[in-house]
Amino acid sequence: MSFPVPNLDKVEFEELVEQARALIPRYAPEWTDHNVHDPGMMLLDLIAWIVDQESFQLGFISDKHIEAFAALLGVRRQLAVAAQGLIWPPTDPINSATLLQGVDLDQGAAAFCPEQTELRYQTRHGLHISSAELLAIETQSTFITRDKFVNESIISLNDQRRAGNRVVELIFDRPLIQALSPHPMCLGVELVNNEHEYLDNDQLRSNKLLRESLQGKVTIDYRIEQAGEPWRRLRIEHDETNALNYSGYLLVSFPNEAVEVLQNLPNTSRSRIRIQITERANPLPVKIRTISHNVIPVEQLELKPRSPFLRTSFGEPDESFEVELASMPATENLELEVEESGQFVAWNEISSLEQAGPNDRVFQLLREQDRVVFGNGINGKIPPKNSQIRHLDYRVTRGTAGNQITGLAWQITGAPALAGAGVFGFNRLPIRGGQDRWTLAQLRAAARRFVLDRKALLSNQQLTDRVLTLEKSNVDSAKVLVGYHPFLCNSVSGSRTVVVTPKRDMTTDVLEPVPLIFSRDIESRILDENILGEKIHVLASKRVAISVTAELIIEDGADPDETIAIARERLNARLSDIALPNDDSCFEDKTYLEGIEPWPIGRAVSCQEIKVLLANTPGVVAISQCLIGRLNETPSENDIELAPIEIAIGAQYTLTVFDQRSDKQAKYIQGKKAPRNSSCQDYSEQETRALLKEGGECYECR
């Protein structure tokens, strides 16, 4: 027999009492007094009251419960985010008379679009706007005028076959700066990949771990085209491009000694900025679509002025009150002042009151709950009773309303009007990134999506497949090391390390070390997908340069140059971290490359395997000598042991060929092994080749 399941949320106290009273005749027929004065009825009332309270608690989930449950999943309410973008000056020549001395813009200067007058934006940094005009962009192999570059040309940044293409120079009609400025200059850069897709890494901006592990480096120098004037190093104050790996901007400032020299030079002298990449954080090549100075970064923020009065303190422990924080972005801080002895004193925000002492003037800001909490006299000071509390100026944003389409005209307060329409410039790309703070419903929906979409990584194959299918991860291959910990000597139970090999430019022999940011990016993207209690690390494979010295004996009529070329290609295909493309060969017939896979991660390199690889080269009869070693070390016949994360890369080959009728052939036959009771003379030419390839030695000669 089944009983109906009651809806506990709707069962009230009176209904529970009546249900219990109706059950008395069935279970206690001798109980006849069902009036209120009966002690049994009093107990039923008490039990019904307890059940009513418990059912209410079970059926009711408060906002705090939802936030706590979502936090257990790693999902927290997203705070408001201000929209950001870059305002680019027009491509037309700058009005030299207007900007002869340059203009300084303070941080927070008002910016607005005439088509969206209800929204207010601000400059993100204090900037110096130069009067110089960009004339051309130059590399070692190209010279492109500004108009042609903006409209037609794209410059490759790391075609390493031409070292000059890693250096880009901007040519200006005059010195960039005439006098010492308190603000830096801004260089804007738009980058694309080989498919001309815009390169932007929002995850890099939002992930603190990735920003701290930044490995790319770029240097910027400045020079006046005046006899004897040297290049002077500029100071990079801020780099949002990750060493020109992603679109963004760089803030550069001029050293004082450089400005003093510039003041004595004529303002008609041309000047140059040289941007040189010294380290790459992205293993794939990128290209410049647009680059310019006088670019202004803006964000959608509005000032909320100081409040004359917020509330009066009750002087009680753990006092809290509500403050409107829904429109405050995560980057903003709230500053409070509390009246003490007739004067307002600043109180500072702290992440947790548990860290505060009894007399510390601090408060905790609960952004998700729109509340300010003061101390209890033990952890944080209690505001004096009847003291007035007020907040200072802070900035708010309108979130998604601040996102704008591309191509809008902009006016910047304090900046000159450069275009004919009386505006400073235009946003070449959308103003984007603005987001509203999540409501409780959005938080619940995000937590539900996380639970439904999350797929725990269980097997090694699942983990490998996930890494290989990450969007824009640039991973060519991956290998899972079970129990391997990258920072400990011993194996660690419950730990797995994924060794990843990035894709790379195959047109160059230059192998740069893979920066830490590459593996950190992948690790952060799979961090929430591993099973509970397991730690997954991601490391980039470490390339080990290998040298090979070998003597090849070739058959009659074989072309020595062609044989060496094919042997090199076989070595390149095997001693490699990624598979070589078929069209990389210089021969039409590529059957000699079939079945050759890249070198496995962590596998030792042996002379025997290299011999077999070379011996199977078309036209090769035998290998008379083979020596291997790490680059810049003395080669030998000993195996090269590799660490679990290392991979062999062919770097230097010294291959020598001999005709099979030469003295080298005879000496080689005498030094090899053959079955007992056999001699070299007992074999035909074909049998001799097979014997030599198998490493045999003549018994009589031994």
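Note that the structure is a prediction, hence the values are computed from the model and not measured.
- The CZ atom of Arg520 sits 9.5 Å away from atom CG of Leu539, with the distance rounded to the nearest 0.5 Å.
- Taking Lys542 as the reference, Glu646 meet the side chain to side chain contact (heavy atoms under 4.5 Å, CB included) condition, with sequence neighbours excluded.
- Taking OG1 from Thr241 and CD1 from Ile291, the interatomic distance works out to 9.0 Å, rounded to the nearest 0.5 Å.
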Give the intermediate values and the outcome of side chain to side chain contact (heavy atoms under 4.5 Å, CB included) for residues Val482 and Asn460. CA-CA 8 Å; Val482 179; Asn460 293 338; 3.3 Å; yes
Residues Ile171, Ile137; criterion side chain to side chain contact (heavy atoms under 4.5 Å, CB included); working and verdict: CA-CA 6 Å; Ile171 305 174; Ile137 294 92; over 6 Å; no
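- When all heavy atoms of Gly248 and Leu86 are compared, the closest pair comes out as O-CD1, 3.9 Å.
- The closest donor-acceptor contact from the side chain of Glu562 to the backbone of Asp559 lies at 3.5 Å or more, if one exists at all.
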In sequence, state the C-alpha distance, the side-chain angles, and the governing distance for Tyr222 and Arg274, and then conclude on side chain to side chain contact (heavy atoms under 4.5 Å, CB included). CA-CA 6 Å; Tyr222 178 69; Arg274 180 176 65 189; over 6 Å; no
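- Annotation: Arg270, atom CZ; neighbour count of heavy atoms from other residues, nucleotides and ligands within 6.0 Å does not exceed 12.
- Contact detail for Ala567 and Leu552: the closest heavy-atom pair is CB-CD2, 4.1 Å.
- The side-chain hydrogen bond (donor to acceptor under 3.5 Å, both in side chains) check on Ser253 picks up Arg235, Glu237, with sequence neighbours excluded.
- Here CG of Asp577 is found 6.0 Å from OG of Ser541. Values are rounded to the nearest 0.5 Å.
- Checked against a 6.0 Å centroid threshold, the rings of Tyr484 and His537 do not count as neighbours.
- Residues Ser547 and Gln652 bring no donor and acceptor atom of their side chains to less than 3.5 Å of each other.
- Using a 4.5 Å heavy-atom cutoff, the side chains of His293 and Phe172 are in contact.
- Taking the salt bridge (Lys or Arg N to Asp or Glu O under 4.0 Å) definition, one finds that Glu190 meets it with Arg289, Arg428, sequence neighbours left out.
- Residue Ile601 holds its CD1 atom at 6.5 Å from NZ of Lys479, rounded to the nearest 0.5 Å.
- Between Arg543 and Ile649, the shortest heavy-atom contact is CB-CG1, 3.8 Å.
- Not counting sequence neighbours, the partners of Asp465 by the side-chain hydrogen bond (donor to acceptor under 3.5 Å, both in side chains) test are Gln461.
- A 4.5 Å side-chain heavy-atom check between Thr501 and Val475 finds every atom pair outside the cut-off.
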Enumerate donor-acceptor pairs with a distance under 3.5 Å from any side-chain N or O in residues 634-644 to protein atoms, sequence neighbours excluded.
residue: Ser636; atom: OG; partner: Asn638; partner atom: N; Å: 3.3

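- Nearest heavy atoms, Trp599 versus Ile647: O-CD1, 3.2 Å.
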Should Leu250 and Val218 be marked as a side chain to side chain contact (heavy atoms under 4.5 Å, CB included) after you check the CA-CA gap, both sets of side-chain angles, and the distance that decides it? CA-CA 10 Å; Leu250 302 98; Val218 64; 4.1 Å; yes
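- Using a 4.5 Å heavy-atom cutoff, the side chains of Ile224 and Ser271 are in contact.
- Every residue two or more places apart in sequence or in another chain that forms a salt bridge (Lys or Arg N to Asp or Glu O under 4.0 Å) with Arg603 is listed here: Glu609.
- Partners of Glu633 according to the side chain to side chain contact (heavy atoms under 4.5 Å, CB included) rule, which considers only residues two or more places apart in sequence or in another chain, are Arg630.
- Applying the salt bridge (Lys or Arg N to Asp or Glu O under 4.0 Å) test to Arg449 and every residue at least two apart in sequence or in another chain returns nothing.
- Here the side chain of Arg432 pairs no donor or acceptor atom with the backbone of Gln84 at under 3.5 angstrom.
- Residues that satisfy the ring pair (Phe, Tyr, Trp, His ring centres under 6.0 Å) test with Tyr653, not counting sequence neighbours, are absent from this structure.
- The shortest side-chain heavy-atom distance between Leu234 and Thr219 does not fall under the 4.5 Å cut-off.
- Scored by the salt bridge (Lys or Arg N to Asp or Glu O under 4.0 Å) test, Arg233 finds Asp221 as partners (sequence neighbours excluded).
- Residues forming a side chain to side chain contact (heavy atoms under 4.5 Å, CB included) with Pro598 (at least two apart in sequence, or on another chain): Ala579.
- Heavy-atom minimum distance, Ile610 versus Cys626: CG2-SG, 3.8 Å.
- Residues Glu555 and Val621 approach most closely at N-CG2, 3.4 Å, considering heavy atoms.
- Scored by the side chain to side chain contact (heavy atoms under 4.5 Å, CB included) test, Leu470 finds Arg466, Ser473, Ile522, Arg525, Ile526 as partners (sequence neighbours excluded).
- In this structure, CG in Leu187 is found 5.5 Å from CD1 in Ile275, a value given to the nearest 0.5 Å.
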Can you check salt bridge (charged side-chain N to carboxylate O under 4.0 Å, His left out) on Arg272 and Glu169, steps first, answer last? CA-CA 6 Å; Arg272 289 174 176 256; Glu169 294 188 15; 2.6 Å; yes
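- The line from OG1 of Thr464 to CZ of Arg496 is 8.5 Å long, rounded to the nearest 0.5 Å.
- The closest donor-acceptor contact from the side chain of Ser576 to the backbone of Ala573 lies at 3.5 Å or more, if one exists at all.
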